[in-house]
Amino acid sequence: MATQPTDEVLLDIHRRMVRIRTFEDEAGRMAENGFIPGALHLYVGEEAVAVGVMAHLTDEDQITSTHRGHGHLIAKGGEFDRMFAELFGRVDGYCKGKGGSMHVSNLEIGMLGANGIVGGGPPIAMGAGFANKYKKNGNVAVTFFGDGASNEGAFHEAANMAALYKLPVLFVCENNGFGEYTPQRDHQAITDVADRAPGYGMPGVIVDGMDVMAVYEAAGAAVERARQGDGPTLLECKTYRFYDHVGRRGMGRTYRTDEELAEWMKRDPIEMFEARLAEQGVLSADAAKEVHEEIARDVEAAVEFAKASPMPDPDALLDDVYA
Amino acid sequence: MTCLVGLAANPDSGKDIRRVAAGASVFDNQEKRAVLARCLAGIAAADANPSVLYLDDLRAIAYSAVAAAGVAGTPVAGPRYGNAQDTVHAAAAMREASCGAVISLGGDGTNRALAKGWLDAPLVPISTGTNNVFPGMQEGSIAGAAAALVASGTVALRDVASQVKVIHVEIEGEDGDIALIDAVATDDRFVGARALLSGDRLIAAVLTRAVPSAVGITSIAGLLQPMSDADDGGLTVEFTARGKPAQWHVRAPIAPGRFDDIAIADARRIDFNETVEIAGPCVLAFDGERERVMKPGQRAKLSVRRDGPRVIDIKSTLEVAAREGAMIFPTAEGVRHAG
Amino acid sequence: MAETENGKRELSYVLAVKEAVETILNEEPDAFVAGEDVAGAGSVFGIYRGLLDEFGPDRIVNTPISEEGIIGLGVGAAAAGLRPIVDIMFMDFLGECMDEVTNQMAKMRYMFGGRATLPITITTMCGARNSMAAQHSQCLESWICHIPGLKVVMPSTPHDAKGLLIAASRDDNPVFVVMNKASLALTGEVPEEAYTLPIGEANIVRPGTDFTIISYSRMVHESISAAETLAEQGVDTEVIDLRSLQPLDTDTLVASVEKTHNAMVVHEAVRFGGMGGEIAAQVQELAFDYLDAPVGRVGAPFSPVPFSPSLEQSFVPNADKIVASATELLGL
């Protein structure tokens, strides 16, 4: 069992969650103001999952992400300015404006891509885990995917192969209760994605995805298990999307009730964690406010950077199709 | 006499961090539903006109089993939150409705939540969790029949049930709590993933039972000084996390597949109502799960009493039913139940 | 292995492929082979036979029957720094993994702004042969040639197979090496040393002055045979083996047409929507003024590949059909 997190770790976890929340809120506004073309899937409400897992990873460990991937990149160490520039389709974006929100990535810190294909990530993480085992480098590959993706064949092939080869892979199911606009009960007969794990010969664990320390502890055990060569784990985090499938307030408001949303928002992962940190004298309410303000200033500066960044030159169209 | 049975299945049991941090098995919800379906078959077989009041858990385990069984069923009214509070609320509703027996599917924690809502509930606990002490592995159809035989009055509750001990926890400035097997103070800062996995963070414990053949905190005390639920009083154990010198080390299975050498500073019996005090900062774990964060200086008082659930012995119930011919029908009447 | 009269070494297609993979694994510690039955069985076609003993199970990796997982394994391993050779047993099974091929492998580099490098070699088998019927016989190269980000080579001879496979493994892009089952028994001259053939360069296998046949893979041999017949009829026919379909060597095609003024594309794939349409269009765009007639196309009829030997035989183009089409095209 991992040792107790230090105050430094707790403050880092807090900061990373606030960074995601602040970035996403601003991204939502920027989309509404016409700065972000295309589809924007926001991670607000699910911050504890990305951060609780990523607190155990280094830049050498790999992750694969989803169409709702900004939170994963930020938690992995992504920079606001390059991210906003990418979301704006600008040349200074991480992908030179060629990926956008659904493909924002930075391979230099082991982020193998947000992915527009539901279920696209697990096979790639399995392959990265294979490389880690091949190179005996002790690194772990983590794939984030949703309850909806757990119905894709790609997930099942990856789970089988990761367990078969005992690869250092962590399957993190962010079960937010909906595949796009379809409630879980209407898209799978099972209620817990973790129930699928024993069918592949790996442990399946459920944790409260709104409690970052619950995710932190469980992910710590699973990452340690993977690094020791004991194979993959399926970690299901029960969480909730505070905003809509696309944008902050999109279409399809009838697929869930305001009451249900309000119940989940009472368990805001950042507010709950801040209350715990205040109780323990790790971070006062005033100090937490300062963190929010400082990060808001970083976001503001990053947006300015992105606005100033030029659109890609049309001549760049054919760059990077091939190496 | 009516036959009203309460049903509460915990969808979260058998899936916590012990699957990866130790060697525990996943208990999937399809199997829980199948156990409930067998319970319902037993209920329907043992009574002509049974009805059930069930906790409509957010994973719809009970709902789907009841709907498929064709037994008259009513869900517990009110909001659901997808956590232990649902079970507490359901138990209180079952008490209000005067259920003659309650079947629980889950682990020690599930039954603790039930007892929080109905302290002396007439209980048929079925284990669908991890290293449980309170519920055992029971075949569902027989458990269901026993519950219905008691709920209908065919077999008298007092003849086949025994009331278990409970640890009562008073927490300074907050609502109290209970535990059925053990209440433990640990040197943690967070409830986190709940399960207790670190032997070196234990501060102190109060137990109703010390079972050497079990897994968990109760085994540590049990290997030192066994105590059953039938014995009056409780046990208190002091560990070494706060610097007390160790008198003994006990090699105990703290989780499935995981033995630790646990340092013990002291262990002694306590009488009913004798108070043990624990001061924060610490985390209090009840029946193996971290539940409450205690602030620095905050005090908790723990004591043991025998005022808990009346646990129905399935074997005795069926033996009484056999003696009284409760499951024997004249050939002319035919078989009165389905099938 | 055999020696020809002039002392050159001959190898079968199967052994040429095996020798290429041996070369790759010996020179590149980050290269490995993964696929269905590649280890103990050495692939159902024998192309990896013996490599398990030589390189061990860490580098010759049997996979479950999971094509999407196999391509995913290649993509993830490549993104994490390895140089995978992954095998899709039959080209028909691409249907099982087209998301990983199309949306992941082909696009990662571009959509990540050039930050991903995916040096993956994908080996697979096409072609109607031995009554393998509708699901184990197709030539689906136009599927993958249509996807920006992929390269596609289709070697016709043992010599080309070795050279193109080594080139594919050294390339920093995903490269499909598509082999035809009917070519596996061919033998030909194969140098012992490591060598590569440039991806994207066609090969004039029979020079001629009157007529150009553009072909690739198995149909190169039928085209050569047809060219001999046409030569007897007085048509000096040039046969070009494209070797690489993506990228396509249009320079060689245009130069040939400028000389011959007539061209025809021959492939085994179904004619409709096949590569012949693309090649004909490019030749007409680039060399219209030199053409005396429309660019002809020979391909399989618009039908699933049949089972019965007699039907299979009538499905696959051959030298006679090529000659007949050429005769008609040239108005002979």
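First the proteins, then the strands, lettered A, B, ... as listed; each starts at 1. Because the structure is a prediction, the values reported are computed rather than measured. Just the heavy atoms: all of them, side chains too, but no hydrogens, waters or symmetry mates, feed the values below.
Of the two parts of A:K133, neither the backbone nor the side chain holds a non-hydrogen atom closer than 4.5 Å to a non-hydrogen atom of chain C. Looking at C:D172, both its backbone and its side chain come within 4.5 Å of chain A, counting heavy atoms on both sides. Residue C:M108 touches chain A through its side chain alone, counting heavy-atom pairs closer than 4.5 Å. Contacts between A:A158 and chain C at a heavy-atom distance below 4.5 Å are absent for every atom of the residue. The contact between A:L112 and chain C is made by backbone and side chain atoms together, counting heavy-atom distances below 4.5 Å. Within the 4.5 angstrom heavy-atom criterion, no atom of A:A141 approaches chain C. Heavy atoms closer than 4.5 Å to chain C are found in the backbone of A:D319, but not in its side chain. Heavy atoms of C:P84 lying under 4.5 Å from chain A are absent altogether. With a 4.5 angstrom heavy-atom cutoff, C:K151 touches chain A via backbone and side-chain atoms both. If you measure heavy-atom distances from A:Y322 to chain C, the contacts under 4.5 Å come from both the backbone and the side chain.
Chosen from A:K96, A:Q62, A:E86, the residue pairing most often with chain C at heavy-atom distances under 4.5 Å is A:K96. In terms of heavy-atom pairs under 4.5 angstrom with chain C, the leader among A:M126, A:M102, A:H156 is A:M126. Of the residues considered (A:A316, A:A128, A:G121), A:A128 shows the highest number of contacts with chain C, using heavy-atom pairs under 4.5 Å. The candidate with the highest count of non-hydrogen atom pairs below 4.5 Å against chain C, out of A:S105, A:G97, A:A114, is A:S105. When A:L164, A:N115, A:N160 are compared by the number of non-hydrogen pairs under 4.5 Å with chain C, A:N115 comes out ahead. Put simply, of A:A323, A:G99, A:G116, the one with the most heavy-atom pairs under 4.5 Å next to chain C is A:A323.
Judged purely by atom type and a 3.5 angstrom limit, C:R115 has no side-chain atom pairing as donor or acceptor with the backbone of A:E108. With hydrogens and angles disregarded, no donor-acceptor distance shorter than 3.5 Å links the side chain of A:Y94 to the backbone of C:G113.
Nearest heavy-atom pair, C:R109 versus A:D320, reported as atom, atom and distance to 0.1 Å: CG-O, 3.4 Å. Closest non-hydrogen pair, A:F130 versus C:D58, comes out as CZ-O, 4.4 Å. Between C:E100 and A:P123 the shortest heavy-atom distance is OE2-CG, 3.3 Å. Heavy atoms only, all atoms of each residue included: A:L317 and C:Y110 are closest at O-OH, 2.7 Å. The two residues A:L107 and C:F112 have their closest heavy-atom pair at CD1-CD1, 3.6 Å. Between C:P64 and A:Y165 the shortest heavy-atom distance is CD-OH, 3.7 Å.
Summarising the geometry, atom CE belonging to C:M111 is positioned 13.0 Å from atom NZ belonging to A:K98; distances are rounded to the nearest 0.5 Å.
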